[in-house]
Amino acid sequence: MKHIFVTGGVVSSLGKGLTSAAIGMILERRGLKVSMQKLDPYINVDPGTMSPYQHGEVYVLDDGSETDLDLGHYERYTTARLNRCSNYTTGKIYSEVIARERRGDYLGSTVQVIPHITDAIKDAIRNGVAPGADVAITEIGGTVGDIESLPFIEAIRQFALELPASEVMFVHLTLLPYLRASGEMKTKPTQQSVGKLREIGIQPDVLICRTEQAMTDDMARKISLFCNVRRDAVIEERDVEFSIYEVPTMLVKAGLDHIIARRLGLPPDGETDLGDWNRMIEDLRRTSESCEIAVVGKYTQLHDAYKSIYESLAHAGIANGCKVKIRKVRAEDYAEQGAALIEGCNALLIPGGFGERGVEGKIKAIQHARENQLPFFGICLGMQCATIEFARNVLGLAGANTEELDPRSPHPVIHLMADQANVHEKGGTMRLGACDCNLVPGTLAQRLYKASAIRERHRHRFEYNNAYRARFEAAGLVTSGTNPQRDLVEIVELRNHPFFIGVQFHPEFKSKPLRPHPVFDGFVAAALAHARGTTKTGKAKRSRA
Ligand code: GLN
């Protein structure tokens, strides 16, 4: 059992999560079993209560944990099984230590950062190791030198001290900034961030240098000398030109696989098999077809807010042999400017969300998709908006709404789940994680999944109101998936439409590059068919007229 710790220096957003996931993937492709974990230095107990503006998307696991979006990279790139022990924050560590102190477990001692907090962090690292794993990869969020990350960096130093040197290694991600004015790349920030690590007592074994331009051999030698890292372990990770899927390939080309294998004494010392992965990238590079999908949402300015959705669309593009262009449209803008904003798009996706802002725009966009045979996919709040739109504009139920936005609506077609009525705390109290869903034979959902029962991940408090179900069904908004334990409606779809489906769950958390999610797959296929049809019939021109 070996450990790899991944830290980051100079700036945040270096793609540490992606790089950690790529390392996991590389090791799996060498026949090893990996486990993946992220330690986040912020004080929130989990990111569930944070705004997407602060933190990007909240990634939900099967067991209902609300976690950092880097865990999405781990699941997409590796087969590691993640659970509540796969993501710890300062808040979670401190809550555990303080609860122990209140129970009297510390028997009169003064509770301190060292050793009590660092011990709790080391326990967390051990808890995160999946049974049978050969290598456990633990990524430390934040940047070395931050006040919050100190206890974590100190804890991994102690962790390494307690094990034989051949069982633990440190990978440090850093930035080589390019100064346009002087036309050169600078190594000083890297030297300083490694200095910070060495101050605590950690000597990195590998430096992965994020760069815009090629790192020259001279520069690598200089970094090697000043940072005390062997030349071959100073690795360039250039900004990818084409797709983030190139990162594992790039790291293998740079020899990272052999460096890790040698450093940790990992058998076998053969080649890393990325054959199917590289073929996938080549196929994607060669595709000439494309379709464009409008994502009308609240946080469209921020790529990370709907990260897994964008990824899932890309995976489905790979499966359909087409490039998927995404047009990000602010729902509030749609409310004002209407369908002109999505003109020329081949499909509409409405993501999940909370709160009032933008909802009327989403509903208006769905009406356009429904009336114009534009492929539509609604996720969570997107499904709820589709239900509201149908209630108002097809069933004629004026004022139909979700109780979340209008508690006094005459037609609460989406209402609070019964078990949520007495919930007052916000953190970790929604309907969370994987739940069963039975699919109705003969529906689009059942055709897409090619199964009669599925499990998908949830994160919501409100649900479809069964009191309106008969009326919806009679008018053509069919229920195609229900939760067998609680008879909750999980999927709705339109009968007379090329592709119109809304799901209460989050399918985007279960899609992988080489195994796209069936609903995304079908959705992109429908968008592609629309794109082909549009060019053939000149429909795009007509709609502009
Ligand atoms: N706000 C809605 C609810 O709580 C939808 C949640 C979501 O889209 N994740 O039910």
Side-chain angles (χ1 to χ4, degrees), residues 46-62 64-67 69 72 295-300 302 304-310 312 331 348-363 365-366 376-389 391 400-407 409 412-435 437 456-466 468 481-483 486 488-492 501-510 517 519-520:
D46 63 44
T49 55
M50 272 191 248
S51 153
Y53 283 120
Q54 296 274 318
H55 189 269
E57 131 190 311
V58 174
Y59 189 82
V60 181
L61 302 180
D62 271 342
S65 310
E66 297 175 279
T67 71
L69 55 79
V295 174
V296 178
K298 185 169 167 184
Y299 305 107
T300 41
L302 198 85
D304 276 357
Y306 304 127
K307 183 135 214 145
S308 295
I309 290 179
Y310 299 146
S312 303
L348 169 71
L349 187 149
I350 307 280
F354 297 84
E356 192 162 11
R357 192 161 62 77
V359 165
E360 291 303 322
K362 293 176 187 174
I363 291 173
I366 295 168
F376 165 76
F377 185 8
I379 294 177
C380 208
L381 183 63
M383 172 267 201
Q384 298 177 352
C385 288
T387 308
I388 296 166
E389 190 280 318
N401 214 327
T402 160
E403 278 182 350
E404 180 181 3
L405 307 182
D406 182 3
S409 164
V413 291
I414 303 294
H415 65 169
L416 191 68
M417 275 182 282
D419 58 358
Q420 289 283 329
N422 293 316
V423 171
H424 300 296
E425 295 222 336
K426 289 274 184 275
T429 55
M430 284 187 251
R431 179 179 180 226
L432 289 165
C435 301
C437 177
E456 291 280 7
R457 298 179 188 175
H458 292 252
R459 183 170 187 253
H460 63 119
R461 292 186 204 281
F462 296 83
E463 60 157 329
Y464 178 106
N465 185 344
N466 273 324
Y468 291 87
T482 51
N483 172 261
R486 296 168 59 185
L488 302 175
V489 170
E490 308 280 35
I491 313 178
V492 294
I501 194 164
V503 300
Q504 183 56 76
F505 44 80
H506 290 274
E508 70 272 25
F509 298 144
K510 288 179 75 169
H517 188 284
V519 181
F520 279 94

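Below, each value reflects all heavy atoms present in this structure, side chains not excepted, and no hydrogens, waters or symmetry copies. Whatever order the structure lists them in is the order used to number ligands and atoms, beginning at 1.
Remark: Tyr299 engages Tyr53 in a ring-ring contact (aromatic ring centres under 6.0 Å, His included) (not counting sequence neighbours). For Arg431, the salt bridge (charged side-chain N to carboxylate O under 4.0 Å, His left out) partners at least two apart in sequence or on another chain are Glu490. Annotation: salt bridge (charged side-chain N to carboxylate O under 4.0 Å, His left out) contacts of Asp419 (sequence neighbours excluded): Arg486.
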Kindly indicate, with the supporting measurements, whether the criterion side chain to side chain donor-acceptor pair (under 3.5 Å) is fulfilled by Glu463 and Gln384. CA-CA 8 Å; Glu463 60 157 329; Gln384 298 177 352; over 6 Å; no
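Results of the side chain to side chain donor-acceptor pair (under 3.5 Å) test with His506 over Gln504, Glu508, Lys510 single out Glu508 as the only residue that passes.
Arg461 has no carboxylate O lying under 4.0 Å from a charged side-chain N of Glu404, or vice versa, which leaves the two without a salt bridge.
Within 4.0 Å of ligand 1, protein heavy atoms belong to Gly352, Gly353, Phe354, Cys380, Leu381, Gln384, Glu404, Arg459, His460, Arg461, Phe462, His506, listed by chain and number.
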